[in-house]
Amino acid sequence: MESIRIYVEQLIRLCGISDGYVPLVRHLVLVVLAIILASLAGYICKKFIPLINKLTARTASNWDDVLLSDKVLRSACSIVPAVVIWQLLPMVFYEYPVARELLSRLTAIYITVMMVRTGIVFIDSFKLLEGETRTATQQYLYSFCGVLKIVLIFVAVIVVISILVNQSPTTLLAGLGAASAVMMLVFQDTIKGLVAGIRLTSNDMLHKGDWITVPSAGANGTVEEISLTVVKVRNFDNTIVTVPPTMLADGAFQNWIGMREGPGRKQARKVYFDFNSVQLLDEQAKQHLISEGFATKEDVAGKVSNVTLFRKHIEQWLATQPSVLSNMTILVRQADATQAGMCLEFVFWLREKGGPDYEHATSLIMEYIYAASREFGLGIYQQLMDCKEK
């Protein structure tokens, strides 16, 4: 550094500048030289970015393309000019200690802030490694990255304050013991969210991309984001509902991932019938059911009720439907009767798990059940409402 200063002074004198102006001219030249060297260092670093991108593109793995992305490298290159300036300040402002000290602190603060920014950009790049769903390991890593960003910002604040007050960071950290209660109060939501997130992922309760239902929060849709303090759910009407992780960990919610990963979706529909319509079939009614194909002669042998034949027919009919999984449970059973009448529950599994096809298949099946019940002489219960004209 000293040799550069002496060499610059000799050049200035060779240019015919008197000794009285040499310090001022030398100072200006050194400032310009420092700016040029810093800009040149930043320019050279940015020239290496395309080369690194080409090298990472040739590898079969995807992690290096994400972690060494263009955004991360450009953020790192923005630190290099400040480091060059910081190293050259003692030489440029050796005659101005106050200005040198002030600029050194400002440059150190800038370097600290940009290093933290680069670290945050690097941590955020892990999100690009995810797919549509997030495994438990990825969720652990995601939660850890959120904590790591908070720690980086916290350490950066301590370092910046230590630079401003010209104290060691360890001295400031030692004095934070009394303020730990305040810090716990400030970050209580983050800490609770971290604990809740660990509980959710360790028990394999929630993943990104899951379809969940949280009635208390009005959420019924797909999980789009799981962070330390919030779980974002996109409902099927495209509205976004934010749910605290603590609500999911401490409360109750329904996760439909088992249904999505299974072969089909279970249906259990109840229909109430009028007790007055339940009866033993006479010969005429038996012949009608046989002629219409709802029963066979073996089915109607002996004394048999219309409910028995109806249950048997619906089970056989459901097994023949292409929208129903015949290898899964198909059952028509009597549930507990109520004042609304005799309850029959229809249990079956549909191939479609959601969307219009699922709704149409369910509707077609139930519509047939409603219509077929009339052929067996069964009356579906419905409450009559009193309509008064005003």
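Basis for what follows: all heavy atoms, side chains included, without hydrogens, waters or symmetry-related copies. The structure displayed is predicted, hence computed values, not measured ones. Here, residue 1 is the first one in the sequence, and each next residue gets the next number.
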Fill in: Heavy-atom neighbours of R117 CZ exceed 12 at 6.0 Å
no
Item to complete: Indicate, with yes or no, if I109 and I79 share a hydrophobic cluster defined by side-chain heavy-atom contacts under 4.5 Å among Ile, Leu, Val, Met, Phe, Trp and Tyr.
Response: no
Worksheet entry | Distance-only donor-acceptor check, side chains H360 and E352, under 3.5 Å | no
Worksheet item: L350 versus L325: any side-chain heavy-atom pair under 4.5 Å?
Response: no
Discussion item. Any heavy-atom pair between the side chains of H313 and L289 that's under 4.5 Å?
Written reply: no
Worksheet item: Could you give the distance from OH (Y381) to SG (C343), rounded to the nearest 0.5 Å?
Response: 13.0 Å
Worksheet entry | Y43 OH: over 12 foreign heavy atoms closer than 6.0 Å | no
Discussion item. Please report whether the ring centroid of F376 lies less than 6.0 Å from that of F310.
Written reply: yes
Worksheet entry | Nearest non-hydrogen partners of K266 and V347, listed with the distance | CE-CG1, 3.6 Å
Worksheet item: Is it true that the side chains of T308 and S305 contain a donor and an acceptor less than 3.5 Å apart?
Response: yes
Worksheet item: Heavy atoms, side chains only, cut-off 4.5 Å: are K312 and E315 in contact?
Response: no
Discussion item. Tell me if the CZ atom of R105 is crowded by more than 12 foreign heavy atoms within 6.0 Å.
Written reply: yes
Item to complete: Taking the six-membered ring for Trp and the full ring for Phe, Tyr or His, determine whether the centres of F294 and W317 are under 6.0 Å apart.
Response: no
Fill in: Side-chain donor/acceptor of N235 to backbone N/O of D237, under 3.5 Å
no
Worksheet item: Okay, side chain of T118, backbone of M114: is any donor-acceptor separation there less than 3.5 Å?
Response: yes
Discussion item. Any salt bridge linking K270 with E345? Criterion: basic side-chain nitrogen under 4.0 Å from a carboxylate oxygen.
Written reply: no
Worksheet item: Do N306 and V278 have side chains that get closer than 4.5 Å, going by heavy atoms?
Response: yes
Response to the item:
For R311 and L344 the tightest heavy-atom approach is CD-CD2, 3.9 Å
Practice prompt. Give a yes or no on this: more than 12 heavy atoms of other residues, nucleotides or ligands lie within 6.0 Å of atom CD of Q284.
Written response: no
Worksheet item: Is the closest side-chain heavy-atom distance between S323 and I365 below 4.5 Å?
Response: yes
Worksheet, complete the sentence: Between C77 and K46, the two heavy atoms sitting closest are SG-N, 3.9 Å
Discussion item. Between S75 (side chain only) and V72 (backbone N and O only), is there a donor and an acceptor less than 3.5 Å apart?
Written reply: no
Worksheet item: Can you tell if the side chain of N220 reaches within under 4.5 Å of the side chain of F236, non-hydrogen atoms only?
Response: yes
Item to complete: Look at the side-chain heavy atoms of Ile, Leu, Val, Met, Phe, Trp and Tyr, link any pair under 4.5 Å apart, and say whether M115 and V80 land in one connected group.
Response: no
Practice prompt. Could you pull out the closest heavy-atom pair between V300 and A295, with the gap in Å?
Written response: CG1-CB, 4.0 Å
Practice prompt. State plainly whether one hydrophobic cluster holds both V332 and V324, where clusters connect Ile, Leu, Val, Met, Phe, Trp and Tyr through side-chain heavy atoms under 4.5 angstrom apart.
Written response: yes
Discussion item. With a 4.5 Å cut-off on side-chain heavy atoms, are I212 and V233 touching?
Written reply: yes
Discussion item. Less than 4.0 angstrom from a charged side-chain N to a carboxylate O is my criterion; do E224 and K232 meet it?
Written reply: no
Fill in: side-chain contact (heavy atoms from CB on, under 4.5 Å) assessment of Y272 paired with M342
CA-CA 5 Å; Y272 291 88; M342 181 190 65; over 6 Å; no
Worksheet entry | Shortest non-hydrogen contact from L378 toward V307 | CD2-CG2, 3.7 Å
Fill in: same_hphob_cluster(L40, L51) at 4.5 Å side-chain heavy-atom cutoff
yes
Item to complete: Check whether W349 and Y368 end up in the same hydrophobic cluster, where Ile, Leu, Val, Met, Phe, Trp and Tyr are linked by side-chain heavy atoms less than 4.5 Å apart.
Response: no
Worksheet item: Between K286 and L281, which heavy-atom pair has the shortest distance, and what is it?
Response: CE-O, 3.6 Å
Fill in: V304 and L280, any side-chain heavy atoms less than 4.5 Å apart
no
